[in-house]
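Written below as structure tokens is the structure these notes are about.
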Amino acid sequence: MTTEGKVYDIIVIGAGILGLSCAFHLKRNNPGKNILLVDRLSDVGQANTARSNAMFRNTFTSWDNQVLSDTSINFYLEVAKNGIDLGIRKTGYLWVMDERQLSLNERHVQKMIGNGIEIKKYDRADLESALPSLRTRFQDSDQEAKLLKLENVAGAVFGIKCGRLDPDKLSKYYEQQFLTLGGKILFNTNAKSLLLEPNEPLGIEGEPFVWQESRIVGVRLEGAAQSEIRADTVVIATGVWNNEILEPIGIDGHVKAKKRQLFTISARGNKHLSDLIYNSNFNDLKVLPYVILPKSGCYLKALEENNEFWVACEDDLNRPFINTPDPNLENCKAEPSYYEHNVYPILKGYFEEFENSKPSQMWAGLYSYNTLDSIPFVFTESGLIVAGGGSGSGIMKADAMGRIVDAIYRDGEKGEAALYGNVHYPVEKIGFRSRAVQREEWVI
Ligand SMILES: Cc1cc2nc3c(=O)[nH]c(=O)nc-3n(C[C@H](O)[C@H](O)[C@H](O)COP(=O)(O)OP(=O)(O)OC[C@H]3O[C@@H](n4cnc5c(N)ncnc54)[C@H](O)[C@@H]3O)c2cc1C
């Protein structure tokens, strides 16, 4: 292998929450290695991590997602317990369901309980008393409910170790830890392409040829003093842009991007909405939990500190997948009409308090789907480690993903990662060579 000009042992591309966690765990467990984190933006966590709803939950149908999220949440809670503010609010997740959804999901809920996930079940009467504002029954004469096919509420499933955090604070935490350990970061630097070279170069134009063994030996950069940097290992954590960097050299990035939107509804000057934010029946914070309604994954999150709600809804069918998204997320815009015609009618149907509400702010980002099973992946390929496929829940699994990337770096795909709390996880389960996961059913 050519080592001439090599400066770094590892380059991590992408300083979103995933790349940050990878960089931190790699540096922590390999302190003697020179590690460089590269991002084309000017700070950490500025792309989809910043546009996220930043909720966390361990209530997933697949065991793998349960473990990835549960151990990550435990880590975040421990960091917070040690005095670092990550903006954590353990509000709980309230999945409100109609009769059909309750019965379809019963087996998943039983499995979660069997796996030790803390869950409380509500029947309709419990729910009506804990959350009186929620409309649980629709009259036959209610033409709007009929048109929207809003079903009567039959009950709810409440996830206890769930809530929200501040993605900016979490990003800054990982950055700080990485820098303190001696890691380096290059901002405003685009990784334009990957350097692929033969292991035994012959100096002939057109190398590598098919008969030569070759590997990735670094990256070509734009915006940095050096036009290329070499490293033994390159980690790709570029989220929805995995395909942009991998596909030109014939490696499948395994992600498809899809737009997701969030809308802010201010409760200022609206007593009914303000009152809805507070509720002493679900959590110690005495605030409304994160509520997912039975229709179209419509959800609301209360932010008592701002006297506002963030609302959205599943934005899936009839929405295009994007293979290589625009690098500039500013071009990915929220649509006021999406709120008006899709989110609002459902919200108002279940909570009268939202009558006439209009968004004061809105933005959009991109989900990075692994369309195979909606579970993240990590795989290796000739000098590369590729991670991604957060599928709309990448922040809540980021810590476990960083530990898995580190385990693969040290022991390869047959290795075992020690997730937070010393939970052992065979990393090949989320690779593509011996993938052994069940499709996730609870994606919102
Ligand atoms: C509206 C919305 C709501 C969401 N809600 C939640 C939620 O409630 N909970 C949750 O856990 N997750 C949620 N998610 C998903 C979560 O935001 C993502 O899973 C997570 O942020 C992905 O992190 P990442 O580091 O993979 O990607 P990103 O944060 O997008 O970071 C990728 C980074 O790579 C950099 N990059 C890309 N290509 C290059 C290159 N060639 N050279 C240099 N740099 C490059 C980018 O500049 C960027 O900084 C939501 C997402 C959206 C859009």
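All ligand and atom numbering here is 1-based and tracks the order in the structure. Note that the coordinates shown come from a computational prediction; the quantities given were computed from them, not determined experimentally.
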Atom 41 (N) of ligand 1 sits nearest the protein heavy atom A191 O, 3.0 Å
Output yes when the distance from some N or O of ligand 1 to some N or O of M396 is under 3.5 Å, and no in every other case.
-> yes
Starting from atom 43 (C) of ligand 1, which protein heavy atom do you reach first, and at what distance in Å?
-> R40 N, 3.3 Å
Which residue and heavy atom of the protein sit nearest atom 14 (N) of ligand 1, plus the separation = G392 O, 3.5 Å
Give a yes or no on whether a salt bridge exists between E244 and R40, defined as a side-chain N under 4.0 angstrom from a carboxylate O.
-> yes
Would you mind listing which atoms of ligand 1 come within a distance below 4.0 Å of any non-hydrogen atom of T238?
-> 32 (C), 34 (O), 36 (N), 37 (C), 38 (N), 39 (C), 45 (C)
Candidate list F263, Y344, F309, test ring-ring contact (aromatic ring centres under 6.0 Å, His included), partner F354, passing option = F309
For the residue pair P294 and D98, what are the closest heavy atoms and their distance?
-> CB-N, 4.0 Å
Side-chain donor-acceptor pair present, E413, T380, cut-off under 3.5 Å | yes
Atoms of ligand 1, numbered as shown, that sit under 4.0 Å from any heavy atom of N190 = 40 (C), 41 (N), 42 (N)
Under 4.0 Å, heavy atoms only, figure out whether ligand 1 is touched by the backbone of L366, its side chain, both or neither.
-> backbone
For the residue pair N307 and S266, confirm or rule out a side-chain donor-acceptor distance under 3.5 Å.
-> no
Provide the number and element of each atom of ligand 1 under 4.0 Å from a heavy atom of A47.
-> 30 (O), 48 (C), 49 (O)
Atom 23 (O) of ligand 1: the protein heavy-atom neighbour that sits closest, reported with distance to 0.1 Å = T49 OG1, 3.4 Å
Identify, for atom 3 (C) of ligand 1, the protein heavy atom at the shortest distance, and state residue, atom and that distance.
-> N53 N, 3.4 Å
For atom 8 (O) of ligand 1, the closest protein heavy atom turns out to be M55 N, 2.8 Å
Counting heavy atoms only, which part of A54 comes closer than 4.0 Å to ligand 1: side chain, backbone, both or neither?
-> backbone
Report yes if some N/O of A15 lies less than 3.5 Å from some N/O of ligand 1; otherwise report no.
-> no
Note: heavy atom closest to atom 46 (C) of ligand 1, options I444, I236, D39, belongs to D39
For ligand 1, which atoms, with element, lie under 4.0 Å from some heavy atom of G365?
-> 53 (C)
Does any donor atom in the side chain of N65 or K397 lie under 3.5 Å from an acceptor atom in the other side chain?
-> yes
Ranked by distance from atom 27 (O) of ligand 1, the top protein heavy atom is G239 CA, 4.0 Å
If you measure every N/O of I395 against every N/O of ligand 1, is any gap under 3.5 Å?
-> yes
Touching ligand 1 at all, S393? Heavy atoms, strictly under 4.0 Å?
-> yes
Relative to the heavy atoms of R260, which atoms of ligand 1 are at a distance of less than 4.0 Å?
-> 1 (C)
Residues in ring-ring contact (aromatic ring centres under 6.0 Å, His included) contact with F282, at least two apart in sequence or another chain | Y122, F158
Heavy-atom contacts under 4.0 Å between T189 and ligand 1: side chain, backbone, both, or neither?
-> backbone
Donor on one side chain, acceptor on other, W310 and E308, under 3.5 Å = yes
So how far is it from N53 CG to I395 CD1, rounded to the nearest 0.5 Å?
-> 9.0 Å
Among L18, V240, N48, L20, which residue places a heavy atom closest to atom 30 (O) of ligand 1?
-> N48
Where is the nearest protein heavy atom to atom 34 (O) of ligand 1: which residue, which atom, and how far?
-> G14 CA, 3.3 Å
Please check if any side-chain donor atom of N323 sits under 3.5 Å from a side-chain acceptor atom of E247, or the reverse.
-> yes
So does E175 pair up with K27, basic N to acidic O under 4.0 Å?
-> no
Does G394 reach ligand 1 with a nitrogen or oxygen that is under 3.5 Å from one of the ligand's nitrogen or oxygen atoms?
-> yes
Report yes or no: is the cationic atom of K429 (NZ for Lys, CZ for Arg) closer than 6.0 Å to the six-membered ring centre of F377, at no more than 45° off its axis?
-> no
Are any of the side-chain nitrogens in K259 or D316 under 4.0 Å away from the carboxylate oxygens of its partner?
-> no
Among side-chain atoms of N243 and H254, is any donor-acceptor pair under 3.5 angstrom?
-> no
Atoms of ligand 1 less than 4.0 Å from L41 heavy atoms?
-> 47 (O)
Mind checking whether R51 has a heavy atom under 4.0 Å from ligand 1?
-> yes
Hey, can you tell me if F75 and Y174 have their rings parallel, tilted or perpendicular (30° and 60° cut-offs)?
-> parallel
